[in-house]
Amino acid sequence: METNTPPKSGTSFLKTCFNGVNALSGVGILSMPYALSQGGWLSLAIFITIAAICFYTGILLQRCIDSSSLVKTYPDIGELAFGRKGRIAVAAFMYLELYLVAIDFLILEGDNLEKLFPNASFFSSFHRIAGGTRQGFVLLFALLVLPTTWFRSLDLLAYVSLGGVLASAILVASVLWVGAADGVGFREGGVAVRWGGVPTAMSLYAFCFSGHAVFPMIYTGMRNRRMFPHVLLICFIICTLAYGVMGVIGYLMYGGSLRSQVTLNLPARKLSSSIAIYTTLINPFTKFALLITPIAEAIEGVLGLGTATTGGKPAQYRAAAVSVSVRTALVVSTTAVALAVPFFAYVVALTGSFLSATATMLLPCACYLRISSRAYGKLGVLEIVACVGIIVLGLGVIAIGTYSSLKQIVQSF
């Protein structure tokens, strides 16, 4: 394969690690205890298996990018493998996944702000417009995060990512403190396996490792691209340990009574609980704009704004106005969906089963098999078996998890 020439300037190894961990560690950490309570202790084997698979498919994406100097993004990989239709399919799954995760963030903010301020009346106008306290907080967060989506420069991404990484670490430490020092304890034994909850657990586990949409951006922006496998390994080890620790301590603390987000189980008016919830609220602020930006840029590209650097200042002002309008429309639409479907765990499970499993399991393997067969003419038996096995497993996750998630959403209305 042809290897892309690494840029002379780019992101350092450490900053790339920050970006990678931030891409993988998100709202999934809140639903890990719930996922474990749904699947039981033995479902941790599924969790570790999915982590290993997602690490391997991340490496496959790197190999696909290295196959051509024209490949920079995930949709580029789809086009190289399957032509124009491949590009459209990959882009559709990727952007829809980012869109649903943005909705998850809005639901998350509403739930946790209501937990902090259950009797809030100081935003009565939001309460009246939205129809409830939680809905009012969703609207408030949308207004606060909206200006961050208007910026088109991501130069400070690594520093923002560091904030997200620290917030995740503080969150785990705070929940651990609640169990160890605030009287909750770790007394729940749990169950070995709950077969009825395995589809939900599997979908939530897949969601935890859904960073593949941004892996190409992280890889192509590295100063030394040869170090990407090491970066990816470090990121997956850190995130797998963080997710695993959160899942185990949360399950031991609350057992089968766990709610969709572990922060909703924490005792009220405890300092450690407040710290956990406040740090939970930080992550969406650090990531929401990063989720919306790729979608906005794709829409702006269709509208021809990517070429609007000529034509003088009037043309640039018009392009900027349209850009702000596109990003504002995305925030408004995600807010509307978050208000209409307020079931955090089920939306996360649907995202994990249908979209994340496709982006992290199916597409990397399918694209790699197609691209590599052209480059080499023949692939190793082990590679073929591994990729086909992952595709079959991914199809199972998609079929079972999507059916289970949609059924739970419908039954919740």
Side-chain angles (χ1 to χ4, degrees), residues 1 20 23-24 28 35 39 42-67 71 74-78 80-82 86 89-94 96-97 198-216 218-219 228-229 231-233 235-237 239-240 243-244 349-376 378-405:
M1 284 188 178
L24 288 172
L42 292 180
S43 69
L44 284 173
I46 299 175
F47 169 70
I48 295 172
T49 301
I50 290 177
I53 288 173
C54 291
F55 168 74
Y56 177 67
T57 54
I59 297 297
L60 295 186
L61 289 181
Q62 176 201 1
R63 295 176 184 173
C64 291
I65 294 173
D66 286 342
S67 65
V71 176
Y74 208 158
D76 289 344
I77 294 174
L80 181 64
F82 300 105
V90 170
F93 278 106
M94 186 182 84
L96 187 56
E97 179 189 10
V198 167
T200 299
M202 194 163 47
S203 301
L204 292 171
Y205 293 153
F207 180 81
C208 289
F209 298 103
S210 58
H212 289 57
V214 298
F215 284 171
I218 292 173
Y219 173 57
F228 181 75
V231 168
L232 203 61
L233 181 61
C235 293
F236 268 88
I237 289 174
C239 291
T240 301
Y243 283 131
L350 176 62
T351 308
S353 58
F354 181 59
L355 298 171
S356 298
T358 302
T360 61
M361 297 182 189
L362 263 64
L363 293 177
C365 291
C367 290
Y368 178 72
L369 288 175
R370 186 66 176 266
I371 293 171
S372 296
S373 63
R374 291 174 181 172
Y376 292 132
K378 186 177 181 180
L379 287 172
V381 175
L382 287 178
E383 277 192 324
I384 295 175
V385 170
C387 289
V388 172
I390 292 171
I391 290 174
V392 171
L393 177 62
L395 288 172
V397 172
I398 291 170
I400 299 173
T402 300
Y403 171 77
S404 175
S405 302

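What you see is a predicted model; the values in this text were computed from it and never measured. One-based numbering along the sequence shown.
No donor-acceptor pair under 3.5 Å is formed between the side chain of Tyr219 and the backbone N or O of Ile65.
Rounding to the nearest 0.5 Å gives a distance of 9.0 Å between OG of Ser203 and CD1 of Ile400. Note that CZ of Phe209 and OG1 of Thr360 are 10.0 Å apart. Values are rounded to the nearest 0.5 Å. With values rounded to the nearest 0.5 angstrom, Ser356 atom OG is found 12.5 Å from Leu362 atom CG. Considering OH of Tyr56 and CG of Leu60, their distance stands at 4.5 Å, rounded to 0.5 Å. Rounding to the nearest 0.5 Å gives a distance of 9.0 Å between CD1 of Ile390 and SG of Cys54. Here the CG atom belonging to Leu393 is positioned 9.5 Å from the CD1 atom belonging to Ile398, to the nearest 0.5 angstrom.
With Cys235 as the fixed residue, the side-chain contact (heavy atoms from CB on, under 4.5 Å) test singles out one of Ile237, Val231, Leu233: Val231.
In this structure the side chain of Met361 never reaches within 4.5 angstrom of the side chain of Leu395, judged on heavy atoms. Using a 4.5 Å heavy-atom threshold, the side chains of Thr240 and Phe55 count as separate.
Closest approach of Phe207 and Gly28 over heavy atoms only: CE2-N, 3.9 Å. Taking every heavy atom of both residues into account, Thr358 and Pro364 meet most closely at O-CD, 4.1 Å. Listed here is the closest heavy atom pair of Cys365 and Thr57: SG-CG2, 3.9 Å. Minimum interatomic distance between Leu24 and Gly211 (heavy atoms only, all atoms of both residues): CD2-N, 4.0 Å. When all heavy atoms are compared, the tightest approach of Arg370 to Ala81 is CG-O, 3.1 Å. Closest heavy-atom contact between Gly78 and Val90: CA-CG2, 3.7 Å.
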Can you list the steps and then say if Ile371 with Arg63 is a side chain to side chain contact (heavy atoms under 4.5 Å, CB included)? CA-CA 9 Å; Ile371 293 171; Arg63 295 176 184 173; over 6 Å; no
Walk me through it: do Phe47 and Leu204 pass the test side chain to side chain contact (heavy atoms under 4.5 Å, CB included)? CA-CA 9 Å; Phe47 169 70; Leu204 292 171; over 6 Å; no
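Aromatic ring centres of Tyr205 and Tyr243 lie farther apart than the 6.0 Å criterion allows.
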